[in-house]
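Small disclaimer: the values here were computed from a predicted structure and weren't measured.
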Amino acid sequence: MKFTIQRDRLVQSVQDVMKAVTSRTTIPILTGIKIAATAEGVTLTGSDSDISIESFIPKEVAGDEIVEIRQTGAIVLQAKFFSEIVKKLPTDTVEIEVLGSLQTVIRSGKSEFNLNGLDAEEYPHLPQIEENNKFHIATDLLKAMIRQTHFAVSTSETRPILTGVNWKIENEELTCIATDSHRLALRKAKIETENHENYNVVIPGKSLNELSKIIDDSHELIDIVITENQILFKAKHLLFFSRLLEGNYPDTSRLIPNESKTEVTVNTKEFLQAIDRASLLAREGRNNVVKLSTFDEGTIEISSNTPEIGKVVEEIQSQSIDGEELKISFSAKYMMDALKAFEGTDIKVSFTGAMRPFVIRPLHDETILQLILPVRTY
């Protein structure tokens with residue numbers, strides 16, 4: 001194998017596939033990146049057997065030559081060293097050549113590295129996915145949906161299914177739900193499916209997080225293919241495979257209350273900043289709890305009291321408060337995570353009593369909601 005390639009393109013692709021490479025794998029060859037040169041261009045692959053990422057660098061883009069292939073072939077190189085080397089090479093072009101016995105030479109300017117490669121035949125094959133049923137979604141919408149839900153997945157392995165995000169597709173609508181049993185994030189969007197298929201799968205939160213770091217904020221469509229145990233995201237020169245979690249996701253629809261006793265409308269940014277300040281004194285303890293009280297004339301009091309440190313009280317003016325007066329306590333962190341998911345300026349918070357879950361929604365937008373369970377403080 002022998003080719004010359006623009007360094008910037010190589011660095012970008014290496015960074016993308018590195019997101020799937022881990023040092024903690026039981027399969028030694030997966031600590032490497034597979035590099036394959038064909039007549040069409042160069043393909044890099046990284047995998048940790050849960051996530052696999054394949055990045056393709058075409059020979060030319062819009063008439064610009066990016067790769068010059070002199071000899072096709074494939075090799076696996078240690079990801080840790082290869083990625084560091086590529087980043088620090090002195091010139092804009094890189095030549096990679098595989099000599100006998102998997103010896104690989106990387107040349108750039110006056111610098112030359114020799115790396116011991118591994119046999120590419122030993123590298124596990126990526127899942128072969130039949131693409132009969134696929135749907136697509138705009139990349140920026142997909143990123144937004146991930147950002148607005150994935151933070152609520154569980155980090156504890158006691159219920160593995162909750163470490164994923166539940167994707168349900170029915171009637172051309174995608175619903176993403178994440179919960180760790182103390183809070184819940186939900187986001188819906190209209191999509192186009194090819195055969196009006198219905199799906200109900202659970203994607204590891206970690207996979208979605210890595211995916212959102214790689215894809216760009218564009219209106220371009222990304223194709224999504226779902227099979228029994230894998231999901232494939234296909235962007236322009238990128239394939240992103242993730243395994244799906246096994247098991248049934250709990251039915252969360254009954255968690256979301258239909259009626260409310262107190263409704264508060266408030267500016268998201270003001271509310272977020274007030275909670276942030278109140279949590280400054282609550283962070284020390286394990287609890288991180290703040291208290292919210294409503295009053296007749298539309299004032300909301302946000303307070304926090306940590307006996308050994310001190311207390312903070314702050315009032316903000318809401319746009320409206322309907323219903324009974326209320327005192328409720330909740331985790332400041334959960335509330336701040338939830339508020340950061342909203343892009344709009346105003347939100348409506350619906351409470352059904354001090355010990356029942358409450359729901360936060362943007363005004364005039366039914367596609368997104370956040371639910372939080374309060375904390376007992378007495």
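- Between the side chain of Thr262 and the backbone N or O of Glu324 there is at least one donor-acceptor pair closer than 3.5 Å.
- Under 4.0 Å is where a charged nitrogen must lie from a carboxylate oxygen, and between Glu343 and Arg147 at least one such pair does.
- For the pair Asn229 and Glu246, the minimum side-chain heavy-atom distance is 4.5 Å or more.
- The line from CD of Glu194 to CD of Glu192 is 9.5 Å long, rounded to the nearest 0.5 Å.
- One finds a salt bridge joining Glu84 and Lys88 here, because a Lys/Arg side-chain nitrogen approaches an Asp/Glu carboxylate oxygen to under 4.0 Å.
- With values rounded to the nearest 0.5 angstrom, Ile256 atom CD1 is found 9.0 Å from Asn258 atom CG.
- Within the 3.5 Å criterion, the main-chain N or O of Glu308 finds no donor-acceptor partner in the side chain of Thr306.
- Within a 6.0 Å radius of NZ in Lys19, more than 12 heavy atoms belonging to other residues, nucleotides or ligands are found.
- Looking at heavy atoms from C-beta onward, Arg159 lies in side-chain contact with Pro250 at the 4.5 angstrom threshold.
- Between the CD1 atom of Ile29 and the CD atom of Glu121 there is a distance of 10.0 Å, given to the nearest 0.5 Å.
- Using modelled atom types and a 3.5 Å distance limit, the side chains of Ser260 and Glu263 yield a donor-acceptor pair.
- Counting non-hydrogen atoms of other residues, nucleotides and ligands closer than 6.0 Å to CZ of Phe295 gives a total above 12.
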Is there a salt bridge (charged side-chain N to carboxylate O under 4.0 Å, His left out) between Glu172 and Lys190? Walk through the geometry before answering. CA-CA 6 Å; Glu172 309 283 291; Lys190 287 275 174 223; over 6 Å; no

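- There is no side-chain donor-acceptor pair under 3.5 Å between Thr227 and Glu130.
- Cluster annotation: Leu184 and Leu339 are assigned to distinct hydrophobic clusters (Ile/Leu/Val/Met/Phe/Trp/Tyr, side-chain heavy-atom contacts under 4.5 Å, transitive).
- A centroid separation of less than 6.0 Å is found between the aromatic rings of Phe330 and Phe358.
- In this structure, Thr104 contributes its side chain and Leu102 its backbone to a donor-acceptor pair below 3.5 Å.
- Under the 4.5 Å side-chain criterion, counting only non-hydrogen atoms from C-beta, Leu10 is in contact with Ile96.
- Panel note: side chain Thr268, backbone Thr345; a donor-acceptor pair is recorded below 3.5 Å.
- Proximity of a side-chain donor or acceptor of Gln15 to a complementary backbone N or O of Ile214 within less than 3.5 Å is not detected.
- Ser108 and Thr91 form a side-chain donor-acceptor contact under 3.5 Å, judged by distance and modelled atom types alone.
- Contact check for Leu239 versus Ile53: no side-chain heavy atoms found under the 4.5 Å cut-off.
- Atom CG in Leu142 sits 7.5 Å away from atom CG in Leu208 (nearest 0.5 Å).
- More than 12 heavy atoms of other residues, nucleotides or ligands shown are found within 6.0 angstrom of CG on Asp251.
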Hey, mind stepping through Gln148 and Arg187 against side-chain contact (heavy atoms from CB on, under 4.5 Å) and telling me if it holds? CA-CA 7 Å; Gln148 290 161 341; Arg187 172 71 207 261; 2.6 Å; yes

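- Applying the side-chain hydrogen bond (donor to acceptor under 3.5 Å, both in side chains) test between Thr4 and each of Glu97, Arg70, Glu68 identifies Arg70 as the sole match.
- For the pair Lys59 and Glu40, the salt-bridge criterion is not met [side-chain N within less than 4.0 Å of a carboxylate O].
- Within 6.0 Å of CG in Asp92 there are 12 or fewer heavy atoms belonging to other residues, nucleotides or ligands.
- Shortest non-hydrogen contact noted between Pro357 and Thr352 is O-OG1, 3.5 Å.
- Taken to the nearest 0.5 Å, the OH atom of Tyr199 stands 9.5 Å off from the CD1 atom of Ile231.
- Taking hydrophobic clusters as Ile, Leu, Val, Met, Phe, Trp and Tyr residues chained together by side-chain heavy-atom distances below 4.5 Å, Ile35 shares a cluster with Leu89.
- Using modelled atom types, no side-chain atom of Asn195 and backbone atom of Glu197 make a donor-acceptor pair closer than 3.5 Å.
- The cluster map of Ile, Leu, Val, Met, Phe, Trp and Tyr, joined by side-chain heavy atoms under 4.5 Å apart, puts Ile360 and Tyr334 in the same cluster.
- Gln317 contributes no side-chain N or O that, together with a main-chain N or O of Ile300, makes up a donor-acceptor pair within less than 3.5 Å.
- Electrostatic pairing of Lys333 and Asp337 counts as a salt bridge here, judged by a charged N lying under 4.0 Å from a carboxylate O.
- Under the 3.5 Å distance criterion, the side-chain polar atoms of Gln6 are matched with a main-chain donor or acceptor of Glu65.
- Crowding of Glu366 atom CD: a count of heavy atoms from other residues, nucleotides or ligands under 6.0 Å not exceeding 12.
- The two residues Ala20 and Ile51 come nearest to each other via the heavy atoms CB-O, 3.8 Å.
- Not one N or O on the side chain of Thr149 forms a donor-acceptor pair closer than 3.5 Å with the backbone of Cys176.
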Go through the steps to decide whether Thr265 and Ser320 satisfy the test side-chain hydrogen bond (donor to acceptor under 3.5 Å, both in side chains), and finish with yes or no. CA-CA 5 Å; Thr265 306; Ser320 70; 3.2 Å; yes

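- Hydrophobic clustering (side-chain heavy atoms under 4.5 Å, transitive across Ile, Leu, Val, Met, Phe, Trp, Tyr) groups Val201 together with Met145.
- With hydrophobic clusters built from ILVMFWY side chains whose heavy atoms lie under 4.5 angstrom apart, Val225 does not share a cluster with Leu245.
- Closest heavy-atom contact between Pro204 and Leu244: CD-CA, 4.4 Å.
- Scanning both residues, Val76 and Asp119, for their nearest heavy atoms gives CG2-O, 4.3 Å.
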Please lay out, stage by stage, how Asp180 and Arg183 fare under the test salt bridge (charged side-chain N to carboxylate O under 4.0 Å, His left out). CA-CA 6 Å; Asp180 60 5; Arg183 54 169 165 182; 3.3 Å; yes

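- A heavy-atom distance below 4.5 Å is not found between the side chains of Val202 and Val165.
- Looking only at atom types and distance, the side chain of Gln230 has no donor-acceptor partner in the side chain of Arg243 under 3.5 Å away.
- Distance check: Ile69 CD1 to Lys2 NZ gives 12.5 Å after rounding to the nearest 0.5 Å.
- Residue Lys188 comes nearest to Thr175 through the heavy atom pair CG-OG1, 3.7 Å, listed as atom of the first residue, atom of the second, then distance.
- Here the closest heavy-atom approach between residue Ala282 and residue Ser304 is recorded as CB-OG, 3.6 Å.
- Between Lys168 and Leu174 there is no side-chain heavy-atom pair separated by less than 4.5 Å.
- Residues Leu44 and Val14 form a side-chain contact, since some pair of their non-hydrogen atoms from C-beta on lies under 4.5 Å apart.
- With contacts defined as side-chain heavy-atom distances shorter than 4.5 Å, the pair Val105/Phe113 does not qualify.
- Side-chain contact annotation: Asp346 with Gln319, donor-acceptor N/O pair under 3.5 Å present.
- Note on Asp223 versus Lys236: no salt bridge recorded, every NZ/NE/NH1/NH2 to OD/OE distance being 4.0 Å or above.
- Counting non-hydrogen atoms of other residues, nucleotides and ligands closer than 6.0 Å to CG of Asn248 gives a total of 12 or fewer.
- Ring geometry for Phe233 versus Phe240: interplanar angle over 60°, hence perpendicular rather than tilted (30 to 60°).
- When atom types are taken as modelled, the side chain of Ser212 and the backbone of Ile146 share no donor-acceptor pair closer than 3.5 angstrom.
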